[in-house]
Every structure is written in C-alpha cells, then in structure tokens.
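What follows is a single structure, written as structure tokens, with notes after it.
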Amino acid sequence: MSFKSYTEALEWIHGTLRMGIKPGLMRMEWMLAKLDNPENKNKWVHIAGTNGKGSTLTFLRNILEQSGYRVGTFTSPYIETFNERISVNGKPIEDEKIVLLCDRIKPLADELAQTEMGHPSEFEIITTMMFLYFADYDTIDIGVIEVGLGGRLDSTNVITPLVSVVTTIGMDHMEFLGNSLQSIAMEKAGIFKRQIPIVSGVIQPEIRALYAVKAKECQSGLYQLGTDFFSQKQADRLFTYQLANRKILEIEVGLIGDHQLNNAAVAIRVAELLKEQQFSMTDENIKNGLKIAKWPGRMEQIHDNPIVFLDGAHNLEGMKVLVQSAKKFKSVPVKVLFTAMKDKEFTEMISLLNDIENVQIYLTTFDYPRALTKGEIEQIAIANNIISVENWEDMLSNWIARREEEVILVTGSLYFISEVRKVLLHY
C-alpha cells in the first residue's frame, strides 16, 4: 500500500508506539540490510548522555554550519513538529519525504513482523527513516545523531562514527539501564567503538575512571572535561575554553545556564577532533556557532510580560540544573507549572523545586499515554503540600493575563513542554 497523505503516514508511525520499547539491534540490522545499509553512506558523530545531548548537538551543528558544512541531525523528542527529528542545517524534513520514506519502510516492517524478531518499534522505524533519508534523499557532509535511550542497545548504535560523545550521567530510565550510575554509564559506553575517539563531559570521578578503562579496552583516545580540556566561566553565558597548549577566550553561548558552558566545551572538543579528520574550521567559526545556538524548550524565554521560561527538566539531573539556573531570579516570586511521566521520581523533583526562592509549585497533567491521571496529580499534590491543576491551559492564560511581576517557569516532560510551547506561541 501507499500512504495517501502525511497525516496517514504519521498515524502509522505513531501507531507503532504500542509495540513498546524493544532494546536490541537485530531488527535495525535486518531492515538496514534490506535497504542496502544506508547508515554506511555518511559520516557521523554519535552523542549519548542522560542530559545535555540536544544542547551539545545544537552547539556542534552550529559550529559546523558556520564552517560551511551541510549537517544532518537526528534528535528526540520533537518540540514543535515531528519532522524536526530529521533535519538538515536546522531545517526539518518535508512532509512529502516522510510519506516517501514510510512507503519504503512499511513493507519491511510488515515482513519483519512475520519473523520471530517481531514488528519494529516506533523509534526503530524513525531511526531507519533518518538513515535512509540522509543516504537517498538529501546530501550531508556529516550527521550528528542523538541516542534515544541508553546507548549499547539503542537503535542508533549501528554506526561507526568519527567521534563518540557522552555528555552527562545521571539516574534515568532505570527500568532499562539499571539501578546504579555505573550500570547506566556502561550502557551509554556501549556506543564506544574500537579506535574511535571519545569525548566525555561526565563529572563523577568513578564514572571517569570507568570510562578510562573502557577507552583503553577499545584502544580509543579519551578526552575528558576537567582533565584534558576545560571550561572556565567568565560571566553569564561567557567562558574560556582551554587545552594544555591553547585557549579560546571570551566565548559567548546562546543557551542559558552554567551547565551549557560545559556542553559548549564538549562540542568544541568534538569539533577539534573532526578538524583532525579533514574538517576545516576556525576559532571564529566556533565562536560564531556557539553564540547563535538556540534549542527550544531548554531554559527558553518565550514570553516577556510576565517572564515565562520553558525548560524540559524531565529527570532528577535536569531538575538539579534547573534549580541552580533559577538562582538568577533572585527575590522575584516564581510560579512553577510542572508535570512529568508516571515513571519519574516526583517527590524528589518537587523537593528540588522547593529550593527555589519565593516559589509556588503547581502540579498538572496533559494528554499523553504515559502522563499522570487527574487522580494521581491530586494525591501527589496533597502528599507534597503543593497545588494540583486540572486545566493547565486556563491557569497559564490567567497568569499571563494578570501581568504580575513574577517569573513563570514551566518544566518537566519534554512532551509537555512541546504542548505548552504551541499554546504560548499564539499569545
């Protein structure tokens, strides 16, 4: 069959969500072999990590673009449109290309469903679409790929990149990755390939030691933030990048938060390793790229009066970073509108949010399969002495209409941030 429209193609893709998450590479390898291995037709950078993947990717993309390269990116989840998951130089894939790709991949998915491996998952289908698009429908100089979940068994882990990257390690997706930082770190280290350089932004000493051993096993050069290269803050959104034998001074970054200085330093180190592999770029390209970098839903100011920030702090590590960034609000009242998926550590996340000065926390839910029910938000709100909100859209609308001198911070699930962003862009 052929899909009659973009909407129909998208319905088929999202309909496969019911297949669940299926770790393992067998189905990917089977589909890609049937498509003449499109993953082998481009050069790649592969980025894993608990948080910071998207920001590091956007920093690196902008550096490469400023250097004159055509850059394909693969990210998840999307914030504005599904198409942005597969983009070239920041421009999302066109609707008709989604239809073409689905027409080619659906027969394979149906055939695979008849085997003992079973039907591919939604993420496996989207990952296959991405590899096929960059191989057959567009031309890129390099692709920067964000891992979906973990690393070792992630659908993207079928490539041999030019550089492997791990941004940060924290407790997330424990049901798939294990209940300790070490087990999560090792799953993410599953993207390390033999004799391929590794860049790490990880700060925990025990994980850094683990990665040093793993890199030695892979006979790969390992470049660790804080050991082999450094980020020295000069002011808000301004830092110095330093190696043993050189510095880049007064680098301005386009994203808010001190953690972004580390992500930017990781991106620079990756860029320098690409430079050693025939990519050409200057310090000016690097500085320009980092300055113009934007990433929706990451400490993004989307409204002025009152000030509204969106931040997809969807796990404990992200929430710690958000609370640190919120210190800049000083003595201004802060209203937090928050929700996350059912499997997240609500009590701990709410406890962290309570550390923000002059804060009032509102817990809500939204229309998504893994979101909390209305009954659950009421129970959590009572247990944590915060306010439950059934209709977040009305509440947000009222807050904005009042134009009070305050900061409104919308945070939690990136899927929720995507919904809120759509609404706020119409104000």
Side-chain angles (χ1 to χ4, degrees), residues 50-52 77 168-175 177 179 181 184 256-259 297-302 306-400 404 406-421 423-424:
T50 304
N51 292 305
T168 61
I169 298 294
M171 301 298 282
D172 200 17
H173 298 299
M174 281 92 81
E175 69 275 32
L177 306 180
N179 286 316
L181 279 178
I184 291 170
I256 295 171
D258 288 354
H259 62 294
R298 272 65 167 193
M299 212 55 193
E300 176 190 16
Q301 186 173 340
I302 199 160
I307 293 168
V308 182
F309 281 97
L310 303 181
D311 191 77
H314 58 284
N315 53 34
L316 279 176
E317 302 303 314
M319 197 58 80
K320 285 173 190 169
V321 168
L322 170 65
V323 170
Q324 183 67 27
S325 298
K327 284 181 179 175
K328 75 190 194 92
F329 301 145
K330 302 281 192 311
S331 54
V332 181
V334 179
K335 283 193 173 94
V336 172
L337 182 63
F338 166 63
T339 193
M341 296 301 171
K342 286 186 183 193
D343 55 352
K344 300 298 178 179
E345 305 92 333
F346 276 91
T347 305
E348 294 93 328
M349 291 168 99
I350 291 164
S351 175
L352 286 168
L353 285 168
N354 269 316
D355 288 341
I356 298 172
E357 200 177 327
N358 294 317
V359 73
Q360 196 160 27
I361 302 168
Y362 298 78
L363 182 67
T364 191
T365 188
F366 68 116
D367 185 17
Y368 192 78
R370 285 166 48 216
L372 294 166
T373 64
K374 288 168 185 174
E376 284 167 335
I377 66 164
E378 284 170 14
Q379 286 174 356
I380 293 167
I382 291 165
N384 291 276
N385 198 26
I386 59 173
I387 303 158
S388 66
V389 177
E390 200 171 296
N391 190 324
W392 62 264
E393 205 167 329
D394 284 353
M395 177 70 82
L396 205 47
S397 177
N398 289 336
W399 288 348
I400 290 170
E404 290 180 8
E406 62 187 6
V407 171
I408 297 166
L409 184 52
V410 183
T411 189
S413 160
L414 280 164
Y415 296 100
F416 177 56
I417 296 299
S418 174
E419 291 296 310
V420 176
R421 198 172 189 278
V423 170
L424 289 183

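Sequence positions, counted from 1, serve as the residue numbers for this chain.
Checking side-chain atoms of Ser325 against main-chain N and O of Val321 turns up a donor-acceptor pair under 3.5 Å. Judged by distance alone, with hydrogens and angles left aside, the side-chain atoms of Thr168 form a donor-acceptor pair with the main-chain N or O of Asn51 at under 3.5 Å. Between the Asn384 side chain and the Ile386 main chain, no donor and acceptor come within less than 3.5 Å of each other.
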Q.
I'd like to know whether Leu363 forms a side-chain contact (heavy atoms from CB on, under 4.5 Å) with Ile387, so could you lay out the CA-CA distance, the side-chain angles of the two residues, the decisive distance to 0.1 Å, and finally the verdict.
A. CA-CA 6 Å; Leu363 182 67; Ile387 303 158; over 6 Å; no
Q | Leu352 vs Leu316, side-chain contact (heavy atoms from CB on, under 4.5 Å): CA-CA, chis, key distance, verdict | A | CA-CA 8 Å; Leu352 286 168; Leu316 279 176; 3.8 Å; yes
Q. Step by step, would you call Val410 with Asp311 a side-chain contact (heavy atoms from CB on, under 4.5 Å)?
A. CA-CA 6 Å; Val410 183; Asp311 191 77; over 6 Å; no
Q: Any chance you could lay out the side-chain contact (heavy atoms from CB on, under 4.5 Å) test for Thr364 and Phe338, step after step, and finish with the verdict?
A: CA-CA 6 Å; Thr364 191; Phe338 166 63; over 6 Å; no
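To the nearest 0.5 angstrom, His259 atom NE2 is 8.5 Å from Leu322 atom CG. Remark: Ile302 CD1 to Leu310 CG distance equals 4.5 Å, nearest 0.5 Å. Separation of atoms CZ (Phe346) and CD1 (Ile377) is listed at 9.5 Å; rounding is to 0.5 Å. Ile380 CD1 to Ser388 OG: the interatomic distance, rounded to the nearest 0.5 Å, is 10.0 Å. Atom CG of residue Asn315 and atom OG of residue Ser413 lie 11.0 Å apart, to the nearest 0.5 angstrom.
Counting heavy atoms from C-beta on, the side chains of Val336 and Gln360 never come closer than 4.5 Å. Side-chain contact between Val334 and Ile408: absent, with no pair of heavy atoms (C-beta onward) separated by less than 4.5 Å. A heavy-atom distance below 4.5 Å is found between the side chains of Leu396 and Leu424. At a threshold of 4.5 Å between non-hydrogen side-chain atoms, the residues Arg421 and Glu300 count as touching. The closest side-chain heavy-atom distance from Met341 to Tyr368 is below 4.5 Å. At a threshold of 4.5 Å between non-hydrogen side-chain atoms, the residues Thr411 and Met319 count as touching. With a 4.5 Å cut-off on side-chain heavy atoms, Glu404 and Pro306 do not count as touching. Within the 4.5 Å cutoff, the side chain of Leu409 has heavy atoms near those of the Ile356 side chain.
When all heavy atoms of Ile256 and Met299 are compared, the pair lying nearest together is CD1-O, 3.6 Å. Between Lys330 and Asn358, the closest heavy-atom pair is O-ND2, 4.4 Å. Considering all non-hydrogen atoms of both residues, Leu414 and Gly312 come closest at CD2-CA, 3.7 Å. The minimum heavy-atom distance between Ala371 and Thr365, with the atom names listed, is CB-OG1, 3.7 Å. The minimum heavy-atom distance linking Met349 with Ala313 is given by the pair CE-O, 3.7 Å. Nearest heavy atom pair, residue Glu317 against residue Gly170, reads CG-CA, 3.3 Å.
No more than 12 heavy atoms of other residues, nucleotides or ligands shown are found within 6.0 angstrom of NZ on Lys374.
Between Tyr362 and Trp399, the ring planes are perpendicular. Angles over 60° get that label, and only those under 30° would be called parallel. A perpendicular orientation is assigned to the rings of Phe416 and Trp392, their planes being inclined by more than 60° (bins at 30° and 60°).
At a threshold of 4.0 Å, the pair Glu357-Lys327 does not count as salt-bridged, since none of the basic side-chain nitrogens sits closer than that to a carboxylate oxygen. Between Lys335 and Glu406 there is a salt bridge, with a side-chain nitrogen of the basic residue lying less than 4.0 Å from a carboxylate oxygen of the acidic one.
A donor-acceptor pair shorter than 3.5 Å can be found between the side chains of Glu376 and Thr373.
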